[in-house]
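Keep in mind it's a predicted model, so treat the numbers as computed, not measured.
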Amino acid sequence: MNPPFSCSPIAIRLVIRIVLMTGILATLCGAMRAQAQPSTQTNLKVLVGGQHRPDIFRELLKDYEAANPGIKVTLESGGATSELLQRYLNTVLTARDTSLDAFLIDVVRPAQYAAAKWAEPIDPYLGNEREAFLSRYLPQYRTANTIDGKTISLPAFSDAMYLYYRKDLLEKIGEQPPATWPELARIAKRVMAQEKDPNLQGLSFQAKAIEGTVCTFLLPYWSMGGEVVKDGKLQFDRQKAEAGLAMWRQMVSDGVSKANVSEVGTDDTRKEFQAGRVVFGVLWGYGWNLFQSGADSRVKGKVGVVKLPAMPGGESVSCMGGWSWAVSAFSRNKAETVKLVRWLSSPEVAKQLAIRGSMQPVFADVFTDPQVLRVNPWLADALPVVETARPRPVTPMYRPISDALRLNTNAVMADARKPDAALGEIEHRIKRALR
């Protein structure tokens, strides 16, 4: 019978020493592997609207990730209109959701976001370079994103309302683009009489109960020097407001615009003009690219763009549009998100957005950049229009003011409410909102 297995004390000590050394080596190897890789990855989530060309932003964000190892950016898109995107953000931010780090907001929203404390002020992250950094932007966009001296958001891209016109039809009758609204009506009637096309409209503009109809109300009113809200108080000139509504109604009664204009939304004007059924169109900047490159466009090479007409004796003025980047007040990665947003609102990104998506920049020199103009020559004409653009009322109570203006303008254009009654309702609702 074999004796039971046994080890000498020396053998036992040797085995213990080998086991300990193996553990130490494993720990050292693990530490070396950890040093060879980023210790942590920061995940950021940003939101853009469905109309903001998320495909372009996804490609741009890949460039950002490549230049910033350890940062992963997820892009979410949704909300086909400003109103729908705003509803979604209302839900997310009211719930203090920490999963969303940055988002695009309409240029009319910064005051609301400041009041609700939904947006992280950018200034503390800019430090001593604040003034130099902000001075690069077009003045009205710098102002629109500054509330009570705090930078609430950074401009992403600009927009304005333009007068698009059929160059070929005006040339045929020897007319230049109009400087006033009555002049536009006269020229439109001449073109319509010349063309004898029952489907041709003289002027298409928005009067549906949408945000764009706020601008419809404001364009003639502003051109006469009217104000709505100034220093947080109601400044309303009933006489000028009535003259503006009367001008739009006259367009319909004279047959320049169609009778059911109260059903016309933003993209209705775009589609009608693109189909060759409109002489003059009041529309945002996105129309140009589609008029010139849309597969079904019947107006390629026939479109001009100029400043909007004024009321007689007034000055041309446009309605300011555009979007800005805000950092969520509930983000867990505010410093990294501000760094990302600064890049997204930079001249370099603005140039790419202009070239790839015809988005209008917020920097004067990008408007005139040779590479940008090679793709979008119309931006040379766009800059003077953007420079005349005015912001809609800057107030945390913008939503009820917008409702009062667009709903009542729509009612007047639908002939469902008399102008005097509509203006009384506008004044009453804005007073109540500003209390």
Side-chain angles (χ1 to χ4, degrees), residues 51-53 56 107 137-138 140-141 155-172 175-179 184 187-188 191 203-206 212 215 219 266-310 316-323 347-390:
Q51 77 275 38
H52 294 145
R53 296 296 302 271
I56 296 175
V107 73
Y137 298 107
L138 290 168
Q140 65 268 50
Y141 285 90
F157 43 91
S158 66
D159 203 355
M161 280 192 152
Y162 299 88
L163 182 69
Y164 293 94
Y165 69 98
R166 288 284 299 277
K167 291 194 299 183
D168 57 328
L169 298 182
L170 265 63
E171 287 170 2
K172 192 184 290 188
E175 291 279 7
Q176 295 296 315
L184 180 147
I187 296 171
V191 172
L203 171 67
S204 180
F205 63 95
Q206 296 84 62
C215 295
L219 292 174
T266 305
D267 215 41
D268 297 316
T269 292
R270 193 271 303 172
K271 290 174 182 175
E272 291 171 345
F273 195 98
Q274 191 167 328
R277 298 198 300 267
V278 175
V279 182
F280 295 105
V282 178
L283 189 64
W284 300 100
Y286 81 104
W288 176 267
N289 185 257
L290 294 169
F291 298 153
Q292 298 297 348
S293 61
D296 59 346
S297 178
R298 301 187 64 182
V299 294
K300 291 179 184 178
K302 302 175 182 178
V303 183
V305 59
V306 290
K307 292 192 291 187
L308 289 159
S316 174
V317 63
S318 184
C319 195
M320 178 176 159
W323 292 78
E348 295 76 19
V349 170
K351 181 175 176 177
Q352 290 304 311
L353 291 174
I355 291 172
R356 300 187 198 183
S358 295
M359 297 181 192
Q360 297 164 73
V362 285
F363 306 96
D365 56 348
V366 179
F367 271 95
T368 57
D369 184 284
Q371 288 179 287
V372 171
L373 291 177
R374 194 174 301 125
V375 179
N376 295 290
W378 81 285
L379 287 180
D381 297 322
L383 180 58
V385 179
V386 172
E387 290 175 331
T388 71
R390 289 185 53 178

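- Taking both residues in full, the closest heavy atoms of G276 and R298 are given as N-CB, 4.4 Å, listed atom of the first, atom of the second, then distance.
- Looking only at side-chain heavy atoms (C-beta outward), Y165 and V191 stay at 4.5 Å or farther from each other.
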List, one per line, each side-chain donor-acceptor pair under 3.5 Å for residues 281-288, sequence neighbours excluded.
| unit_1 | atom_1 | unit_2 | atom_2 | d |
| --- | --- | --- | --- | --- |
| Y286 | OH | D267 | OD1 | 2.5 |

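- Listed here is the closest heavy atom pair of N289 and S358: ND2-OG, 2.9 Å.
- A heavy-atom distance below 4.5 Å is found between the side chains of H52 and F157.
- Once rounded to the nearest 0.5 Å, the distance linking CD of E171 with CD of Q176 reads 8.5 Å.
- Although no hydrogens or angles enter the test, the distance criterion places a donor-acceptor pair under 3.5 Å between the side chain of N376 and the main chain of A354.
- Note: L353 CG to Q360 CD = 11.5 Å, rounded to the nearest 0.5 Å.
- Between atom CE of residue M359 and atom OG of residue S158 there is a gap of 11.5 Å, rounded to the nearest 0.5 Å.
- K307 has its side chain within reach of T388: a pair of non-hydrogen atoms, C-beta onward, lies under 4.5 Å apart.
- In terms of the side chain to side chain donor-acceptor pair (under 3.5 Å) criterion, residue partners of E272 (sequence neighbours excluded) are, by chain and number, Q201, S204, K258.
- The side chain to side chain donor-acceptor pair (under 3.5 Å) search around K302 returns none, not counting sequence neighbours.
- From T266, atom OG1 reaches atom NZ of K271 across 11.0 Å, with rounding to the nearest 0.5 Å.
- Taking CD1 from I187 and CG from L203, the interatomic distance works out to 12.0 Å, rounded to the nearest 0.5 Å.
- Looking at V386 and Q140, their side chains come closer than 4.5 Å, going by heavy atoms from C-beta outward.
- The side-chain heavy atoms of C319 and L219, taken from C-beta on, include a pair separated by under 4.5 Å.
- Between L163 and F280 the shortest side-chain heavy-atom distance falls below 4.5 Å.
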Below 3.5 Å, can you tabulate the donor-acceptor pairs from side chains in residues 362-373 to any protein atom, sequence neighbours excluded?
| unit_1 | atom_1 | unit_2 | atom_2 | d |
| --- | --- | --- | --- | --- |
| T368 | OG1 | D365 | O | 3.2 |
| D369 | OD1 | Q371 | N | 2.8 |
| D369 | OD1 | V372 | N | 3.4 |
| D369 | OD2 | K351 | NZ | 3.4 |
| Q371 | OE1 | K351 | NZ | 2.4 |

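- Partners of Y164 according to the ring pair (Phe, Tyr, Trp, His ring centres under 6.0 Å) rule, which considers only residues two or more places apart in sequence or in another chain, are F291.
- Closest approach of V107 to G321, counting heavy atoms only: CG1-C, 3.8 Å.
- By the side chain to side chain donor-acceptor pair (under 3.5 Å) test, Q274 pairs with R270, D296, sequence neighbours left out.
- Across every non-hydrogen atom of L184 and P309, the tightest pair is CD1-CG, 4.0 Å.
- The line from CZ of R53 to CZ of R356 is 10.5 Å long, rounded to the nearest 0.5 Å.
- There is a side-chain donor-acceptor pair under 3.5 Å between Q206 and T269.
- Side chains of V385 and L308 form no contact here, defined as non-hydrogen atoms less than 4.5 Å apart.
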